[in-house]
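Basis for what follows: all heavy atoms, side chains included, without hydrogens, waters or symmetry-related copies. Given the structure is predicted, the values throughout are model-derived calculations rather than measurements.
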Amino acid sequence: MTSPTEAALRLPRWIPALFLLALLGLVGLTAWQWRDGPPVSANLLQLLPSGAPGELEQLAETRMQEPLNRDLMLLVRHADDVKADALAGEITDTLQASGLFAQVRRSVDADLPALRRQLLEHRLALLDAASREALIAGPEAFIQQRLQRLYNPFEGNALVPVEQDWFGIADLAQRQLLQPGNVQAGLDGHLTAEYQGQRWAVIHARTHGDAFDDSLPLQVERLVTELRDRANASQGELLAAGGLLYAAHGQRQAREEASLIGSISLIASLGLLHLLFRTPRVLLVALPVAVGALSGAAACIALFGQIHVLTLVLGASLVGVSIDFPLHYLSKSWTLQPWHSHRALRLTLPGLFLALATNVIGYLAMAFTSFPALSQVAVFSAAGLAGAFACATCLLPWLLSAPLQPWPAPLGWAERWLKLRRALLGRIPTPWLLAAFVLFCTGGLLQVSFKDDMRQWVSRAPALQEQAMRIGEITGFQPTSQYFLVRAASTDELLASQEALATRLDDLVAERKLSGYLALSQLAAPTAAQENLQLALPHLLEASAPLLALGVSKGQLENELATLQAQSIPTLKQVLAGPLGEPWRPLWLGSQQDGSVAGLVSLQGLKDSTALAGLTEDLAGVSLIDRPAELNALFADTKTQAATLKAIAAALILLLLCLPFGWRGAARCLAVPLLAALGSLACLGWLGQSLTLFGLFGLLLVTAIGVDYAILMREQVGGAAVSLVGTLLAATTTWLSFGLLALSSTPAVSNFGLSVSLGLLFSFLLAPWAISSQPQPKARSQHGAT
């Protein structure tokens with residue numbers, strides 16, 4: 001039977017009804033958001049700020065990223081070449097039958113007539129710069145070299161018959177046209193690569209979607225695993241590389257970690273609470289966790305259109321923070337007896353509200369950074385905490401109204417800890433302890449390094465990295481994230497600029513700092529160069545005595561000369577449209593709205609991006625696009641921006657805390673999390689860990705959580721000892737969430753978890769310092785007023 005006192009303490013009955021109605025609306029909103037499947041993204045680019053200020057830069061980035069996001073390279077080897085071909089054919093058929101790929105290519109389906117036609121029609125455009133200069137400067141030497149190729153038995157496989165190419169211009173263009181990589185077509189047309197005495201069959205596949213589709217990467221990964229098992233069963237070997245496989249690994253790892261971290265932290269927290277409160281009813285504190293996760297996800301999807309898997313991993317740590325709200329009033333059961341949940345809620349509600357407000361201010365400060373990654377996590381966390389708070393205050397008190405008799409030992413431990421603290425402060429004054437702490441922090445801060453790299457945002461995949469490196473060595477294809485964007489007023493100026501850049505890149509290739517590059521100037525000559533070549537052609541006829549001595553009639557040479565002079569000058573676009581232009585086609589960005597043209601120069605096997613510094617000097621319209629370097633610079637800028645926003649948030653929190661505690665009390669409460677963050681940063685230095693952007697976010701999170709503990713200790717509802725027990729419970733459950741993140745396979749997440757875990761330890765140790773130095777009124781007795 002409910003006593004009149006307990007009935008008077010109860011909150012109005014319409015509050016839980018209103019909350020349940022709001023919860024029903026939240027569930028309906030979530031169901032509508034997920035109506036077409038999970039709106040979960042694995043696209044890492046969506047978490048990054050757009051470093052491309054214009055449409056042309058965005059087009060260039062999309063063009064360069066497309067092969068990484070859609071292409072899959074497979075290499076198949078077997079000791080028996082016949083079995084290797086059969087295995088490669090079987091794998092090709094399986095890939096085509098899967099329906100996942102728009103194109104699967106194992107062989108070159110060369111249209112020989114089209115190749116011959118382009119070589120004949122565009123031979124002057126296809127001739128490289130060195131050969132053009134040799135023809136113009138020394139037609140006699142050019143004819144002699146032609147004779148040597150004709151008599152050399154190893155100079156076969158010319159696509160154009162000799163009788164159509166007496167001067168050998170088409171033949172020379174064919175031989176000197178760059179063939180990217182080590183992949184060659186055999187006599188049967190099949191693509192192969194020879195490396196260290198081993199022959200590999202090469203299969204190239206391109207998917208319908210890209211690596212950021214929700215289910216495609218995992219489907220491709222399963223298919224590749226099946227094919228690898230099949231190759232191993234045949235005593236063969238299969239290597240595979242592609243952005244799809246990395247995306248699949250990242251998706252699977254992130255979802256597994258989110259599920260594992262959330263499950264372990266929730267089970268461990270609930271197990272601890274059951275042990276302490278000795279009733280299964282206390283397990284209902286999981287409800288705020290569920291409501292918080294639902295609220296955070298719904299808010300992210302509403303604002304951003306979807307939620308990223310990395311946000312889910314970090315959001316899984318919200319479990320520990322969400323449980324803090326009910327723990328604050330449940331912990332009062334150690335002294336507030338007989339236990340009334342509504343009375344405990346009324347006593348702790350001001351502190352709970354302050355904790356929510358300070359946490360939300362701290363989180364939302366991060367939402368205004370230029371990094372979508374931080375914005376999304378901040379929105380998830382702020383909305384999640386608001387939902388958890390609503391559940392903990394509007395519903396749980398009615399569900400946890402039964403009497404509680406917690407295990408008394410923790411209260412005794414807290415009392416002894418406070419006695420030891422008082423004894424320590426009696427022997428060593430606070431200024432000396434503070435000086436020792438500052439000395440410790442100074443030593444650690446001097447060792448902190450600040451490092452950010454995009455590779456820290458993806459989970460480690462050593463097996464995939466090893467295979468990608470082997471495939472790069474075997475095929476010669478080692479694409480890099482750096483490339484050059486070239487703008488010019490005309491196509492001829494574009495080719496001239498790329499040719500000037502190519503001269504500088506050749507030096508890097510000679511120095512083995514670069515494996516190679518692909519430029520439009522390697523394929524086609526500018527119009528002016530072709531015209532100069534046409535003017536020099538009659539000199540070939542004058543120097544053609546060696547060909548006449550060979551038995552070639554003068555009429556045949558005159559006819560070929562007439563044909564060459566009559567041919568129209570092909571444009572770059574026409575050369576690219578031919579079959580020989582396929583490798584270079586993605587590098588052409590076409591005409592722009594202002595009438596200018598643009599093209600790309602891609603790089604292969606870059607050893608060190610610093611080698612590219614200064615290459616674009618004195619080259620008008622040529623710019624180096626180094627997206628990783630741009631992002632690393634943005635990381636550094638965002639750190640400064642985040643620290644500034646957090647300082648503003650700290651000022652707002654200080655003003656908010658001044659209302660209940662005055663400026664001295666507010667300063668004490670705020671000093672606790674700030675010193676905890678400083679101690680965590682120092683520990684990173686002592687441990688030899690770098691501070692990443694996510695690590696900084698973790699430190700800023702510590703300042704939000706630490707204020708919560710300081711408020712709890714400052715209010716001392718039920719006494720200092722029971723407040724310390726509540727702080728310990730909150731810190732433990734939160735650590736069970738964030739501490740597990742330190743074990744993540746994603747370096748950025750691991751650094752985040754380590755930063756928060758260390759900060760939580762300092763927050764708990766420093767929380768008693770928030771207690772007022774003025775004498776406190778005696779704590780409510782065990783039989784508090786009823």
Okay, side chain of E715, backbone of T348: is any donor-acceptor separation there less than 3.5 Å? no

Flag side-chain contact, heavy atom, 4.5 Å: F380 against I307: yes

If you take all heavy atoms of S295 and A383, which pair is closest and at what distance? CB-O, 3.5 Å

Any sub-3.5 Å donor-acceptor pair from S381's side-chain atoms to A378's backbone N or O? no

Taking every heavy atom of A720 against every heavy atom of M713, the minimum-distance pair comes out as O-CE, 3.9 Å

Would a distance-only check, ignoring hydrogens and angles, find a side-chain to backbone donor-acceptor pair under 3.5 Å from S680 to A676? no

W735 vs L761, side chain to side chain contact (heavy atoms under 4.5 Å, CB included): CA-CA, chis, key distance, verdict: CA-CA 8 Å; W735 185 88; L761 175 61; over 6 Å; no

Could you name each residue pair satisfying side-chain hydrogen bond (donor to acceptor under 3.5 Å, both in side chains) that touches residues 405-421, not counting sequence neighbours? Q337-Q405

Heavy atoms, side chains only, cut-off 4.5 Å: are S269 and L736 in contact? yes

Do L395 and I15 have side-chain heavy atoms sitting under 4.5 Å apart? no

Taking P397's backbone N and O only, do any of them form a donor-acceptor pair with S341's side chain (distance below 3.5 Å, no angle check)? yes

Side-chain touch L657/V707, heavy atoms, less than 4.5 angstrom: yes

Is the ring pair Y329/W339 parallel, tilted or perpendicular, if the boundaries are 30 and 60 degrees? parallel

Which atoms form the tightest heavy-atom contact between C683 and F440, and what is the distance? SG-CZ, 3.8 Å

Any side-chain hydrogen bond (donor to acceptor under 3.5 Å, both in side chains) involving residues 696-707? Give me the pairs, sequence neighbours left out, ordered by first then second residue. K646-T703

Donor-acceptor pair, side chain of N751 and main chain of S690, under 3.5 angstrom: yes

Taking the side chain from R281 and the backbone from L399, do they hold a donor-acceptor pair closer than 3.5 Å? yes

Evaluate the side-chain proximity of P410 to L276: yes if any heavy-atom separation is below 4.5 Å, no if none is. yes

Side chain T335, main chain G718, donor-acceptor under 3.5 Å: yes

Grab the two heavy atoms, one from V756 and one from V702, that are nearest each other, plus how far apart they are. CA-CG2, 3.8 Å

With a 6.0 Å cut-off (strictly less than), is the heavy-atom count around CZ of R278, excluding the residue itself, greater than 12? yes

Only counting residues at least two apart or in another chain, list the ones meeting ring pair (Phe, Tyr, Trp, His ring centres under 6.0 Å) with F19. none

Value for CG (L681) from CG (L758), rounded to nearest 0.5 Å, stands at 10.0 Å

Straight-line distance of T279 OG1 to L284 CG, nearest 0.5 Å: 9.0 Å

Examine distances only and state if a side-chain atom of R252 and a backbone atom of L218 form a donor-acceptor pair shorter than 3.5 Å. no

Atom pair CG/CG of L330 and L396 - distance to nearest 0.5 Å: 8.0 Å

Go through it in stages, so that I can follow the logic: the residues are K332 and L347, the test is side chain to side chain contact (heavy atoms under 4.5 Å, CB included), and I'd like the CA-CA distance, side-chain angles, deciding distance and then a yes or no. CA-CA 9 Å; K332 307 310 175 187; L347 292 172; over 6 Å; no

Rounded to the nearest 0.5 Å, what's the gap from OG1 on T692 to CZ on F752? Could you check? 10.0 Å

On a heavy-atom basis, which atom in V291 and which in L26 lie closest, and how many Å separate them? O-CD2, 4.3 Å

Between I711 and F661, does a side chain to side chain contact (heavy atoms under 4.5 Å, CB included) hold up when you go through it step by step? CA-CA 9 Å; I711 292 171; F661 302 139; 4.2 Å; yes

Pair T734, D324 - check side chain to side chain donor-acceptor pair (under 3.5 Å), show working. CA-CA 8 Å; T734 305; D324 287 356; 3.3 Å; yes

At their closest point, which heavy atom of L684 faces which heavy atom of L691, and how far apart are they? CD1-CD1, 4.0 Å

Looking at R35, I'd like to know if its CZ atom is crowded, meaning that more than 12 non-hydrogen atoms belonging to other residues, nucleotides or ligands lie closer than 6.0 Å. yes

Any side-chain heavy-atom pair from P288 and F325 closer than 4.5 angstrom? no

Before giving the answer on side chain to side chain contact (heavy atoms under 4.5 Å, CB included), spell out for R714 and I771 the whole-Å C-alpha distance, their side-chain angles and the decisive distance to 0.1 Å. CA-CA 5 Å; R714 181 78 184 182; I771 298 175; over 6 Å; no

